[in-house]
Amino acid sequence: MSEWLVLTLAMVAACAVVLTVTVLNQRRVGADDDPSETPDVIEYMTMMIGVVYAIVLGLAIAGVWEARGAAQDDVRREAQALHEVSERSQVYPAAVRDRIRADITTYTHYVVIKEWPHMIKHGDLTDRGTLLLEKVRADVTGYVPANDHEAQSYQPLVDQVAIADDARNARGQNAGATMPGVVWFGLIGGALVAIGLIFTLQIRRSGRELLLAGLYSALIAFLLFLIWDFDSPFGHSGSDTASVFTDLFPGSG
């Protein structure tokens, strides 16, 4: 299901529930009811709970956004390091250079096609991907430089493979969701409380009040969807975050 469709359904459902409850509740109110009689303490509590919940939402959004940024930096670091290995191996003999580049292409193709969906679904890396990267490492470290020019390129190539391996391990550690279940419980519970409290203000069926109630509930639904979407550091489809591999290695897609 498309993320845009999920967002639309969530916002529409939130609006529908709030407006339905408001209309049904209004039918139970007598003609002599005076909405101005709402106690000041209720208005104060509604305002304070709304402010506190807004702060919690802001912190949650900042946390998942930072986690996603760090995860994508690791992906770029891994892809760039492998790209450097592929380019700097130009100084090696054709047979060695072609073997290194072929194994890098095999690895990046496997990462994009096979490992990325597995990582998003299960939250960890695959043993096959680890073996393919180890093969690249063996290609680089197993070659004995034949002259000074090749010797000068040897250590930087080994370092770039180490950077790619470190970035890959970081990618595996960041593959899972970043928000604990207890935080989600607080966010959803807070949303229900924040929306529920607006009914204590005796909302009428006027167009302005219904519009504001609907927009308020839709906004909360949108912010919760935003947190859910960012809670997956590599996205829920993976097509966007894996694009750095396909950009640097067109044959991997």
Side-chain angles (χ1 to χ4, degrees), residues 3-4 7 56-89 100-101 103-137 139-141 153 155-181 183-184 187 222-253:
E3 292 183 1
W4 286 105
L7 172 59
V56 173
L57 284 174
L59 292 175
I61 293 174
V64 294
W65 177 260
E66 182 180 0
R68 170 167 285 198
Q72 293 179 351
D73 286 342
D74 291 333
V75 174
R76 284 191 293 269
R77 192 157 56 94
E78 179 184 1
Q80 184 62 42
L82 292 173
H83 181 70
E84 290 295 323
V85 173
S86 179
E87 293 299 318
R88 295 186 184 188
S89 63
I100 292 175
R101 290 179 174 177
D103 287 341
I104 289 177
T105 299
T106 300
Y107 171 75
T108 56
H109 177 77
Y110 176 81
V111 167
V112 173
I113 302 300
K114 298 292 185 179
E115 188 170 61
W116 217 266
H118 173 89
M119 181 181 66
I120 292 175
K121 183 177 181 180
H122 300 285
D124 58 6
L125 303 177
T126 63
D127 294 336
R128 175 64 176 167
T130 302
L131 292 176
L132 291 176
L133 185 58
E134 286 298 323
K135 189 175 181 182
V136 174
R137 185 194 296 274
D139 292 340
V140 173
T141 59
S153 301
Q155 189 58 47
L157 284 174
V158 173
D159 292 341
Q160 291 297 324
V161 174
I163 291 174
D165 187 29
D166 179 67
R168 170 183 167 79
N169 291 332
R171 172 163 61 88
Q173 293 174 359
N174 294 328
T178 58
M179 296 287 288
V183 177
W184 274 114
L187 289 174
F222 170 75
L223 293 176
L224 289 178
F225 171 84
L226 194 65
I227 296 173
W228 170 80
D229 188 45
F230 288 163
D231 191 34
S232 179
F234 299 103
H236 294 278
S237 63
S239 58
D240 294 335
T241 50
S243 61
V244 63
F245 279 99
T246 56
D247 291 342
L248 294 176
F249 302 96
S252 63

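Hydrogens, waters and symmetry mates play no part in the numbers below; they use all other heavy atoms, side chains included.
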request  = Would you mind reporting whether Trp116 and Ile120 have side-chain heavy atoms less than 4.5 Å apart?
outcome  = yes
task = Sequence neighbours left out, what passes side chain to side chain contact (heavy atoms under 4.5 Å, CB included) with Asp103? Give chain and number order.
result = Arg99, Lys135, Val136, Asp139
task = Taking side chain to side chain contact (heavy atoms under 4.5 Å, CB included) as the test, write out the residues that go with Leu131, two or more places apart.
result = none
request  = Mark yes when over 12 heavy atoms from residues, nucleotides or ligands other than Glu66 sit less than 6.0 Å from its CD; otherwise mark no.
outcome  = no
key: Whether Thr108 side chain and Thr105 backbone form a donor-acceptor pair below 3.5 Å   = yes
ask   = If every non-hydrogen atom of Arg168 is compared with every non-hydrogen atom of Gly129, which pair is closest and at what distance?
value = NH2-C, 3.3 Å
ask   = How far does CG of Leu59 sit from CD1 of Ile227, to the nearest 0.5 angstrom?
value = 10.0 Å
ask   = Got Arg128 and Lys114 here, is their nearest side-chain heavy-atom distance under 4.5 Å?
value = no
Distance-only criterion, 3.5 Å: show the donor-acceptor pairs between side-chain atoms of residues 157-165 and protein atoms not counting sequence neighbours.
{"unit_1": "Asp159", "atom_1": "OD1", "unit_2": "Gln155", "atom_2": "NE2", "d": "2.9"}
{"unit_1": "Asp165", "atom_1": "OD2", "unit_2": "Arg137", "atom_2": "NH2", "d": "2.8"}

inquiry  = Looking at every heavy atom in both Thr126 and Tyr110, which two are closest together, and how far apart are they?
reply    = OG1-OH, 3.0 Å
ask   = Nearest heavy-atom pair of Arg101 and Ser89: which atoms, and what distance?
value = NE-OG, 3.7 Å
Partner residues of Val183 under the side chain to side chain contact (heavy atoms under 4.5 Å, CB included) criterion, sequence neighbours left out = Met179, Pro180, Leu187
remark   = Nearest heavy-atom contact between Ala170 and Asp74 is CB-OD2, 3.4 Å
task = Using a 4.5 Å cut-off on heavy atoms from C-beta on, say whether the side chain of Gln80 contacts that of Val244.
result = no
request  = Please confirm whether the backbone N or O of Leu82 pairs with a side-chain atom of Ser86, one donor and one acceptor, at under 3.5 Å?
outcome  = no
ask   = Is His118 close to Asp124 at the side-chain level, that is, under 4.5 Å between some pair of heavy atoms?
value = yes
message = As an exercise, state the distance from NE2 of His83 to CG of Asp247, rounded to the nearest 0.5 Å.
response = 11.0 Å
inquiry  = Can you give me the closest heavy-atom contact between Pro233 and Ala175, atom names plus distance?
reply    = CD-O, 4.4 Å
remark   = dist Leu226:CG -> Phe222:CZ (nearest 0.5 Å) comes out at 5.0 Å
For Gln173, side chain to side chain contact (heavy atoms under 4.5 Å, CB included) partners two or more places apart = none
Any residue meeting ring pair (Phe, Tyr, Trp, His ring centres under 6.0 Å) with Trp65, in chain and number order, not counting sequence neighbours = Phe230
ask   = Should Leu132 and Glu115 count as side-chain neighbours, where that means a heavy-atom distance under 4.5 Å?
value = no
ask   = How long is the gap from CD1 on Ile104 to CG on Leu248, to the nearest 0.5 Å?
value = 11.5 Å
task = Report yes if the side chains of Val75 and Phe245 come closer than 4.5 Å at any heavy-atom pair, otherwise no.
result = yes
inquiry  = Give me the atom names and distance for the closest heavy-atom approach of Arg77 to Ala167.
reply    = NH2-CA, 3.7 Å
